[in-house]
Structure formats: structure tokens, C-alpha cells
Participant: 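Handing you this structure, nothing more for now.
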2 protein chains.
Amino acid sequence: MEASMTKTAKYQQIVDWIQERLDSGELRSGDRLEPEKEIGARFGISRQTVRHALSLLAQEGVLETVHGSGSYVKDNKEQYQQKAVLSSTVTIISSYVDGYIFPRILRSMVETLERLGYGARIMFTGNQVETERRLLKRLIEEESRDPMIVEPVMSGLPNPNLKYYRELQQRGIPILFFHSFYPELNLPHVSMDDVEAGRIATEYLISQGHTRIAGVFKADDGQGKYRYKGYICALYRAEIAICEERICWIDTVEQKLLTREYERLLKRLRGCTACLCYNDEVAHSLTEICIKQGIRIPEDLSIISIDNSELAKLNPVPLTSMVHPMEVMGVRTAENLVHLIKDPEFNATYEFVPEIKIRSSVMPVTPETEDEAASAHLRKQI
Amino acid sequence: MEASMTKTAKYQQIVDWIQERLDSGELRSGDRLEPEKEIGARFGISRQTVRHALSLLAQEGVLETVHGSGSYVKDNKEQYQQKAVLSSTVTIISSYVDGYIFPRILRSMVETLERLGYGARIMFTGNQVETERRLLKRLIEEESRDPMIVEPVMSGLPNPNLKYYRELQQRGIPILFFHSFYPELNLPHVSMDDVEAGRIATEYLISQGHTRIAGVFKADDGQGKYRYKGYICALYRAEIAICEERICWIDTVEQKLLTREYERLLKRLRGCTACLCYNDEVAHSLTEICIKQGIRIPEDLSIISIDNSELAKLNPVPLTSMVHPMEVMGVRTAENLVHLIKDPEFNATYEFVPEIKIRSSVMPVTPETEDEAASAHLRKQI
DNA sequence: CAGTATTTGTTCGTATGTATA
DNA sequence: ATATACATACGAACAAATACT
């Protein structure tokens with residue numbers, strides 16, 4: 001009778017009833033359930049049936065029965081803690097394996113993590129949001145418990161993968177960005193102070209007498225914008241008018257084509273005596289272009305760049321460049337992540353203020369020589 | 001009474017009884033157990049108690065009860081398969097992030113894996129067995145299901161971590177070595193045919209008239225021994241006596257100190273007109289030493305090396321070098337691993353036969369000029 | 001295909017043992 | 001030490017799924 005009326009098994013009803021009380025908040029961590037006998041009496045069912053229901057819930061880990069004492073709601077914290085145990089392997093997401101400054105940052109990062117008792121796994125995005133998305137999705141699907149160190153992809157453009165970072169953040173995964181950051185996310189980062197880098201580099205050019213200063217910046221990552229901001233700021237402070245014709249924006253694809261398609265760039269340099277380059281790679285390309293065009297560095301054009309990578313030394317004209325912390329940044333990032341793992345309240349953000357490394361790509365100008373250099377440059381171009 | 005006699009609960013006895021029959025092989029995958037009633041009758045206990053025992057075993061996943069049919073031993077294959085599901089992320093273990101040819105191999109490897117639908121995580125050993133051990137232990141502890149691509153550490157020396165590879169192999173993890181391999185393990189590898197590389201390089205020197213050929217090899221990795229083997233083989237075939245004084249063995253630590261402590265190396269080169277170098281790094285160091293000592297390359301000494309890395313081009317005297325497949329090797333390694341994942345019987349071993357890239361570090365000698373060059377070299381040295 | 005036997009699933013009642021408060 | 005509450009155990013009945021004839 002009853003069975004045909006209710007359809008669902010009695011023990012299942014008890015399971016549902018308790019589950020509901022847990023969901024509604026009536027039953028909370030550590031609460032003791034009514035004795036089996038009492039539940040049986042209340043629903044008019046046998047104690048055996050109640051026991052069956054409780055045993056199912058105990059299997060799931062929701063309840064815990066203590067012999068001679070009672071059945072208790074398992075501590076939520078315990079349940080969470082079980083899930084929330086972080087892996088001792090850190091997942092690092094970076095843009096490139098090869099090239100430029102990343103290998104040096106990564107090596108010191110990995111070494112530091114291992115010194116602190118953590119393993120490291122590195123994944124690469126190739127600086128493509130699509131690849132970034134795949135990697136993040138995989139980590140979420142795998143329910144990874146790895147703390148993460150991430151280099152943002154195209155941090156200058158709106159990023160479509162922020163929801164994945166938010167998901168990971170909600171799951172309690174510590175995430176620390178390095179080299180750059182996504183301003184939309186409230187997550188810590190360790191990076192160079194790119195505004196300062198741009199500002200100090202520009203101020204150095206100004207201190208050498210330059211006033212007609214061009215700038216080449218990368219549009220699709222965060223650093224480009226901040227370095228540009230520093231450049232603007234320095235000009236403003238020195239009361240030099242900002243001339244938009246002298247500012248050239250390039251993107252990652254263009255950067256690779258720079259030595260072939262340089263007309264656009266050279267146009268922006270007309271009449272300038274100095275140029276701030278986004279990084280050493282851009283400065284290196286610019287040097288090659290100038291050499292081909294018969295523009296002398298630094299006599300006709302002073303070049304200053306940022307990052308002080310190997311390229312800065314190996315450049316045909318050794319580059320004056322802002323020193324990127326690299327190894328130090330790797331160490332700091334690793335240390336701060338470990339600190340963050342142990343104390344989720346720790347503010348892990350740190351920005352390095354860069355120093356300048358002076359080589360021979362910048363030459364002072366005086367008001368007398370300034371016009372000459374600028375016009376020499378102009379002559380060569382046409 | 002009974003309880004006090006037996007001590008162990010009756011339901012536990014049934015659990016043990018069934019477990020034993022499983023272990024002994026009496027019960028195998030898919031077998032049907034006796035009906036609950038029969039078991040109860042045999043042990044003189046109630047069906048309820050038998051049910052309790054069976055429910056515990058079902059919880060563990062050992063049994064499966066089918067309503068109206070019976071209790072069955074769960075298919076071992078199913079259990080295995082559940083565990084044997086491989087991750088779609090491949091763990092790559094390599095020696096270094098930065099430097100030499102590895103970034104180029106890794107990049108193409110990662111790209112290929114992603115093209116084939118697999119993610120990649122890279123871990124680095126720094127070519128230290130201790131770090132290798134830590135990484136492997138961690139993977140085993142985490143019960144990782146990642147297929148693996150591994151660059152052996154110090155493959156020339158007996159490796160203390162083989163047991164970990166065997167453990168992973170037994171767990172059904174596909175493992176593919178690249179760049180080198182551990183001869184003690186019966187696991188596949190994708191690498192350059194180092195014997196052929198040594199042989200072809202030496203034969204090229206012989207074809208250029210050289211007979212007094214020195215060799216510098218690395219003692220602590222596999223390639224060193226195989227390249228040495230190729231060198232010996234070529235001399236033997238050309239019926240040139242092998243002169244042990246002309247063979248110099250170095251290790252990883254020494255390699256870094258080479259430019260400072262070069263006396264030992266130069267001793268071995270006395271009276272030689274050519275030298276086969278273990279790799280471009282060694283050849284580069286040798287070039288620098290020779291330049292400092294006033295020994296001309298290739299007039300006084302021809303140098304041939306192996307790997308054809310960037311260094312071969314950038315060397316003060318561009319190096320004739322055996323072409324390492326690099327990108328092609330990365331692609332092939334990734335493809336073969338994926339093949340191996342899908343078909344565990346697939347023989348994933350592949351060895352690339354290298355070609356020679358001729359630059360300007362080797363010069364032909366004739367019987368007349370041979371003595372002159374050798375003695376010129378000797379003169380410079382003293 | 002139908003009907004019957006077998007086997008597991010659910011539920012009840014009852015009793016005793018044992019840990020906890 | 002006693003009462004309470006869970007653990008184990010037995011017997012019995014009916015329901016529901018499956019197997020067999």
C-alpha cells in the first residue's frame with residue numbers, strides 16, 4: 001500500500017529529508033541527528049530502515065555515525081579541507097619556451113620553487129588566447145589543486161578567459177601573475193614597474209639634451225601601455241609637448257615583420273634625435289633598419305630600450321637599456337606564491353623599479369647639434 | 001556466545017571468505033557468487049548478515065549486485081580501465097629550460113602535442129639525478145595518469161632512478177624517451193643516431209685527408225659514448241690506428257670550466273690536424289682557447305662538431321657540424337607518443353641519421369701539408 | 001510469449017552486544 | 001553504574017527484477 005502510494009522507497013525518503021535539512025541550513029556541521037529510534041518513530045518506520053538510510057549518507061561522507069553516541073553531520077571544513085588540499089606541484093603558465101627573457105625568469109622560478117619544497121610544471125600558451133583557454137579548461141576539468149603562476153596572454157587587450165581564472169580563484173587555487181597582469185582581475189602580480197621603466201628611460205634621454213623623442217610601443221600587451229604612460233609622464237614633467245606623430249604602435253605580428261616593413265616606423269622618426277623602444281627586440285630591429293638606411297646610431301639617432309636582455313649586449317650598437325630583474329623576478333615570484341599558499345591574506349603583489357644600464361646607443365645632444373642630427377636623419381631618409 | 005567465541009563479526013567473516021576466494025583466483029572477473037540464501041545456509045547465518053557483507057564489498061567496488069539475478073565479481077578489466085584512463089595532458093621531463101637545442105625541440109614537441117589534442121606540462125631536472133628522483137616520486141605519489149616524454153639525465157652513467165620508471169611502466173603509463181635513453185630499460189626512445197653522427201663526422205675528416213684526428217667526448221651522458229663509438233668505428237674502417245692519447249673525456253662540470261682549464265685538453269691535441277668535438281658548445285670553447293693560443297682554425301687545426309645549433313653559426317669560425325633534427329625530433333617524439341598511447345604494442349623507437357652541414361672550420365690536408373700543420377700547432381703550444 | 005522459479009531489494013519486528021555520556 | 005544510542009544478528013514477509021522452461 002504505502003509503497004504504491006509513495007513510490008519512492010522509505011529509506012530514500014529519509015535520505016531526502018536529511019539532505020534537505022542540510023541544504024536548508026537546518027542541520028549544520030557537527031550537529032547531532034535525532035537517534036535512529038526517534039526518526040523511525042516519527043516516520044512510522046523501523047529502525048532498520050532508518051539505519052539503511054543513514055548508512056548511505058555515511059558512505060557519501062555527509063554523515064558520520066559514532067558508536068554509542070549518535071550520528072553527526074560531518075564538519076564542512078573537513079569536507080572542504082579534503083578537497084582544498086593544495087598540490088605541492090605548482091603549475092606555471094608562460095608564453096614561450098624559447099627566446100628572449102623568459103627562459104631566465106623560468107629557470108630561477110623553478111629552482112626557487114624546488115628549494116622551497118615545491119615541484120613545477122610549465123605549460124606554454126604561445127601568447128595565444130585560444131591556447132590559454134585550452135590549458136585553463138583542462139586544469140578546471142582535471143580539478144587540479146596546483147597553485148598557479150601565470151604570465152598573462154595579450155594583457156593589453158580585453159581577455160576572454162577571465163572567467164576561468166575566476167573559477168579557479170573560487171576553488172581556492174592561489175594564483176600569482178608575473179611579468180604583467182589582467183587589470184580586470186583582483187589577483188596579485190609580480191612584475192617590473194613598467195610606467196617607471198618608460199619614465200626613467202625617457203628622462204635619461206631628456207637629461208642628455210634630447211627633446212624630439214619618438215616612441216615605439218606594443219599595443220597588445222599591458223607593458224606597452226604602461227611604458228607609454230611613463231614616456232608621456234616624463235615628457236609632461238619636462239614640459240615637452242607630446243607629438244603624436246612620433247609615437248608608433250605595433251603588435252606582436254608586426255614586430256616579427258618589422259625589418260621588412262619599416263616605412264611606417266621610419267615616418268614616425270622623422271625629425272627626432274632619439275627613440276624609446278618598447279623592448280630590446282624592437283630596438284634590435286630598429287638598429288638593423290637604421291644601419292641599412294645609413295642612419296648612424298647614436299650619432300644620427302639615439303636609441304634606448306627596455307629589458308636589458310642578451311640582445312642588448314649583442315646588438316651591433318650595444319644598447320642602453322632598462323634592466324629587467326629576470327632572475328630576481330623569478331625568485332620573488334616563487335617566494336611570494338609560497339607565502340600566498342601559506343597565508344591566503346598575504347598581498348603578493350610586487351613591482352620592481354628598474355635601473356638603467358648605460359651602453360653606447362645614446363649620445364648627448366646640445367641645442368646646437370640637435371638640429372643637425374635631426375636633419376641628418378631626415379636627409380638620409382629621403 | 002558466538003560473538004565472544006569468534007571475536008570477528010560474522011559479516012566480516014563472510015567478507016574475508018569472499019576476499020580470499022578472489023585472491024586465490026577461485027573467483028574471477030564476471031563470476032557469479034552463490035545466492036545470499038545459500039551462503040547464509042552454508043555458514044548458518046541469516047540472509048541479512050550475508051547481505052551486509054555483500055553490501056560492504058559492493059561499496060569497495062569488488063562486487064556488483066544485480067537485482068533479480070545475483071552478485072557478480074566486477075570485471076577486473078573494468079577496474080583496471082577505470083584506473084588506466086590516461087590523462088590527456090602529457091608530462092615532459094627535460095634537462096634545461098634555457099640554452100642550447102632544448103627550447104627548439106620542446107617548442108615543436110608541445111605544438112605537435114596540442115595539434116594532436118594533448119596538453120603538455122614540462123618539468124626540468126637541471127640534468128641532476130636528485131631532481132629527477134624528486135619529480136618521479138611526486139608523479140608516482142600523485143598517481144599521475146599522464147603519458148610521459150622524458151629526456152634521460154646523465155644517460156651515460158648508471159641511473160639510480162630506474163625503479164621509478166619501472167613503477168610507472170607497470171602502472172601502464174606510456175613512456176617515451178627523447179634525445180637519449182637508458183639502455184637498462186626496455187623503453188622506446190626517439191633520438192639522433194649518435195654512433196652514425198660520430199662516424200660520419202670522422203669519415204668526413206678522413207675524406208679531407210686527415211689521419212691524426214683527436215676527439216673530445218662527454219663521459220657522463222650516453223651520446224658521448226655513442227659518438228665516441230662512431231669515431232672509433234670510422235678510424236677502424238679507414239685502418240687508422242687508434243691513439244688513446246688523442247682522446248679526451250670531459251664531464252658536465254668540466255665543460256663549463258673548459259675555457260679556464262684547457263691545458264689538459266691541449267695536451268691531447270698535440271700533433272693532430274683535426275678534432276671531433278662532442279658538441280657545438282665544446283667546439284666553441286675549443287675555438288676560443290685556440291684563438292687565444294694563436295692556433296688558427298682551420299689552418300692549424302680543423303674542427304668538426306655535432307648538433308648544428310645556433311652556436312655553430314655564431315662561432316668566430318663557423319663550424320662544420322652534424323645536423324641535429326631538433327624540431328623534426330620534437331614532432332616525431334610527440335607523434336610517436338600519441339601512437340603509443342593508442343597502441344601500447346607500437347614500437348615507438350626511432351633514430352635519426354644525421355646529415356653534415358659544411359661551414360669553414362674544416363680544411364683539407366695533403367700528406368705534404370699535414371706535417372706542417374701538425375708541427376705548426378705543436379710550435380704554438382709550447 | 002507466458003508463466004514459474006529464482007534471486008535480490010525493501011521493510012518490519014525482535015534481541016543482544018558494546019561504546020558513550 | 002545506569003541509561004542511551006549505535007552495532008550486530010536472526011527471522012519473516014512481500015516486492016521487483018531476472019532467468020528458465
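Here is how names work: the chains are called A, B, and so on, in the same order as the sequence lines, proteins then strands, and each is numbered from 1.
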Participant: Can you name the residues that form a side chain to side chain contact (heavy atoms under 4.5 Å, CB included) with B:Glu111, not counting sequence neighbours?
Facilitator: B:Arg107
Participant: Tell me, please, which residues at least two apart from B:Glu38 pass side chain to side chain contact (heavy atoms under 4.5 Å, CB included).
Facilitator: B:Glu34, B:Pro35, B:Arg42
Participant: Please list, for nucleotides 17-21 of chain D, all pairs of protein and nucleotide N/O atoms separated by less than 3.5 Å.
Facilitator:
{"from": "D:dT18", "atom 1": "O4'", "to": "B:Gly68", "atom 2": "O", "distance (Å)": "3.4"}

Participant: Using the test side chain to side chain contact (heavy atoms under 4.5 Å, CB included), find all partners of B:Phe43 that sit at least two apart in sequence or belong to another chain.
Facilitator: B:Ile14, B:Trp17, B:Ile39, B:Ile45
Participant: What is the distance, rounded to the nearest whole Å, between atom CD of B:Glu34 and atom C1' of C:dT7?
Facilitator: 13 Å
Participant: Output all residues satisfying side chain to side chain contact (heavy atoms under 4.5 Å, CB included) with B:Val129, sequence neighbours left out; order by chain, then residue number.
Facilitator: B:Glu132, B:Val153, B:Asn159, B:Pro160, B:Asn161
Participant: Pull out every residue in residues 37-54 of chain B that has a heavy atom closer than 4.0 Å to any atom of DNA chain C, ordered by number, or say none.
Facilitator: B:Arg47, B:Gln48, B:Arg51
Participant: Measure the distance from CD on A:Glu36 to C1' on C:dC12 and round it to the nearest whole Å.
Facilitator: 15 Å
Participant: How would you list, by chain and number, every residue that makes a side chain to side chain donor-acceptor pair (under 3.5 Å) with B:Thr349, sequence neighbours excluded?
Facilitator: none
Participant: Apply side chain to side chain donor-acceptor pair (under 3.5 Å) to A:Thr125 and list each qualifying residue two or more places apart in sequence or on a separate chain.
Facilitator: none
Participant: Between B:His189 and B:Phe177, is the gap from one ring center to the other below 6.0 Å?
Facilitator: no
Participant: OP1 or OP2 of D:dA7 versus the side-chain N and O atoms of A:Thr65: is any pair under 4.0 Å?
Facilitator: yes
Participant: Please report, rounded to the nearest Å, how far the P atom of C:dG17 is from the CD atom of B:Gln12.
Facilitator: 20 Å
Participant: The criterion is side chain to side chain donor-acceptor pair (under 3.5 Å); which residues satisfy it with B:Glu345, sequence neighbours excluded?
Facilitator: none
Participant: Rounded to the Å, how far apart are A:Glu64 CD and D:dC6 P?
Facilitator: 13 Å
